[in-house]
Amino acid sequence: MILVFCAVLLWLFGWWLNSRLASGPYADTRMVRLLAPLIFGLTVIGIWELLVRGLEVPLVILPAPSVIAVRFADSLPILWADFVQTIIKGALSGYVIGCIAAFLMAIAVDRWDFLRLGLLPVGNFVAALPIVGTAPILVMWFGFDWHSKAAVVVVMVFFPMLVNTVAGLREATSMQRDLMETYAATYWQSFLKLRLPAAMPFIFNGLKISTTLALIGAIVAEFFGSPTLGMGFRISTSVGQLSLDMVWAEIVVAALAGTAFYGLVAGIEKVVTFWHPSQRG
Amino acid sequence: MNKLLSGAVAAFGLAASAALAADEVTLQLKWVTQAQFAGYYVAKDKGFYEEEGLDVTILPGGPDIAPTQVIAGGGADVTVEWMPAALAAREKGLPLVNIAQPFKSSGMMLTCWKDAGISSPEDLKNRTLGVWFFGNEFPFMSWMSQLGISTDGKSENGVEVLKQGFNVDPLLQRQADCISTMTYNEYWQVIDAGVSPDELVTFKYEDQGVATLEDGLYVLEENLSDAAFVDKMERFVRASMKGWKYAEENPDEAAEIVLENDATGAQTEEHQKRMMGEIAKLTAGSNGALDPADFERTVNTLLAGGSDPVITKTPEGAWTHQITDAALN
């Protein structure tokens with residue numbers, strides 16, 4: 001019971017500290033802006049630890065953060081091997097292939113109207129296919145290793161990317177296009193100098209959505225057959241073995257990798273679309 | 001006055017038996033509704049549970065339901081589980097206790113293509129094998145370590161292990177030379193796919209000496225100190241075993257009952273009747289009481305798990321005859 005009481009105290013202290021910081025004189029400094037979410041996160045973890053220990057929640061329901069941290073530190077080689085298998089080989093290769101293919105397809109769709117009218121509706125249809133249905137089929141086609149996971153990721157990221165890029169390529173106004181025409185610009189000149197830059201915010205939108213889709217796709221696809229390696233494999237087998245601390249360690253890896261991946265793409269976007277209103281200021 | 005009193009007693013007795021009739025038991029199955037669990041469905045359908053004053057709810061399992069987790073979360077009173085998974089859970093701090101063991105023998109085996117040149121366990125080296133995980137990999141792992149075969153990948157003295165889904169495609173597609181099958185289920189799916197039994201080689205875990213106990217009934221240890229719960233389980237086990245013996249003797253009827261209870265409608269009559277026939281072979285010879293020798297063998301198999309044993313020490317108090325002694329005598 002003491003631990004539960006401590007959890008309440010910790011919650012009140014974290015609250016007090018953050019509200020002091022937020023209304024204090026340094027509220028707008030960079031340090032406070034980094035500190036506030038950090039304090040929030042640490043408080044949540046602290047409360048979690050104290051409640052799980054205080055209420056004696058069984059490990060199989062929810063392990064304490066300290067248990068997860070110990071497991072994480074103990075299994076670094078396994079976690080790294082799983083990371084390479086699932087994120088680097090499965091998710092990233094699928095992401096690159098899917099996004100490039102969708103980008104090229106979007107240019108074709110933009111150029112020929114019959115593709116836009118015929119293909120995009122089918123695209124939406126395919127995008128709605130559930131992964132639990134497609135993954136086993138793709139495992140059958142491409143084998144158990146990472147290739148089938150990459151294929152699942154390609155299917156998942158292709159259409160969000162396609163739809164966004166197509167929308168982006170129509171972003172330039174007819175006035176702007178007319179201007180390019182009065183300059184006697186060729187299709188490709190007009191494409192590279194006007195329409196592609198104008199499409200960039202949309203393209204990056206698709207790229208950012210696809211980062212999380214790629215991770216989910218690669219991990220979930222491993223539930224349907226995999227070698228004895230990979231994050232999805234580890235999660236599904238560890239649940240069966242009641243090693244919930246291992247499951248959470250993999251979740252931590254997935255969360256870190258997903259955040260870093262998203263952050264990376266968002267960072268590139270910032271550089272590429274510096275001119276866009278959303279990036280100013 | 002006397003009459004009034006006895007009337008009151010009778011009324012009280014009625015109320016008490018009505019209260020007993022409302023005794024609810026939730027059973028979590030290890031897998032989807034199929035003849036593997038015929039005994040429980042028969043006991044429910046034939047009113048054996050009702051006779052014991054029980055209202056039993058049977059929860060089907062599935063590929064992403066871990067019975068151990070369901071019972072840990074309070075979702076069931078008693079669960080059907082394989083002993084390796086139950087003992088592993090016990091070592092992880094979930095004190096499961098075996099209260100009855102309707103299955104005497106293991107139905108697990110490895111099914112291989114004969115034309116791949118496999119005739120003995122020695123031939124498994126340097127091949128790709130499909131294995132179920134999710135707690136079902138333990139018997140396989142101990143078998144491999146007893147054979148001295150590593151599972152880290154294809155080599156002179158190792159095998160490549162695939163995490164096989166719960167279907168037989170990897171074998172049919174020849175993505176694996178061997179896959180895990182149950183005598184009563186997946187083996188027949190291979191046969192139904194048009195493969196003749198002559199084309200296959202099977203290694204039963206029973207014959208290889210690495211069989212572990214399957215489908216036992218498990219409850220949480222702390223509940224066994226509750227007299228009301230123990231009483232409920234005695235009646236439950238008694239009625240369930242009656243259901244099992246009925247199913248053994250009337251396999252076709254049992255299969256029909258299972259089909260009626262299959263809410264998904266995914267099972268076929270032919271498959272279920274065949275499955276019931278095979279299941280009857282596994283339950284034969286068990287009256288429901290766990291044979292300590294079988295327990296010892298299972299534990300020894302699991303302890304021999306090589307570099308990554310399933311359990312690290314001999315479990316204490318992982319089974320009890322408390323329930324079956326009272327239920328069956």
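Chain naming here is simple, since letters A, B, ... match the order of the sequence lines and numbering starts at 1 in each.
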Inset, instruction - For A/E222 and B/K163, indicate whether the former's side chain and the latter's backbone hold a donor-acceptor pair under 3.5 Å. - result: no
Inset, instruction - With a 4.5 angstrom heavy-atom cut-off, could you sort out which part of B/Q164 is near chain A: side chain, backbone, both or neither? - result: backbone
Inset, instruction - Please flag which part of A/S243 lies under 4.5 Å from any non-hydrogen atom of chain B: side chain, backbone, both or neither. - result: both
Legend entry - Atom CG of A/L76: over 12 foreign heavy atoms under 6.0 Å: yes
Legend entry - Greatest number of heavy atom pairs closer than 4.5 Å to chain B - which of A/S226, A/G225, A/P227: A/S226
Inset, instruction - May I ask you to check whether over 12 heavy atoms, not counting those of A/M105, lie within 6.0 Å of atom CE? - result: no
Legend entry - Neighbour count >12 (heavy atoms, 6.0 Å) for atom CH2, A/W11: no
Legend entry - B/Q69 to A/V239 - nearest heavy-atom pair and separation: OE1-CG1, 3.6 Å
Inset, instruction - Can you tell which part of B/L162 gets under 4.5 Å to a heavy atom of chain A, answering side chain, backbone, both or neither? - result: both
Legend entry - side-chain hydrogen bond (donor to acceptor under 3.5 Å, both in side chains) against B/Y184, all qualifying residues, sequence neighbours excluded: B/Q36
Inset, instruction - Answer with side chain, backbone, both or neither: which region of A/L244 has an atom nearer than 4.5 Å to a non-hydrogen atom of chain B? - result: side chain
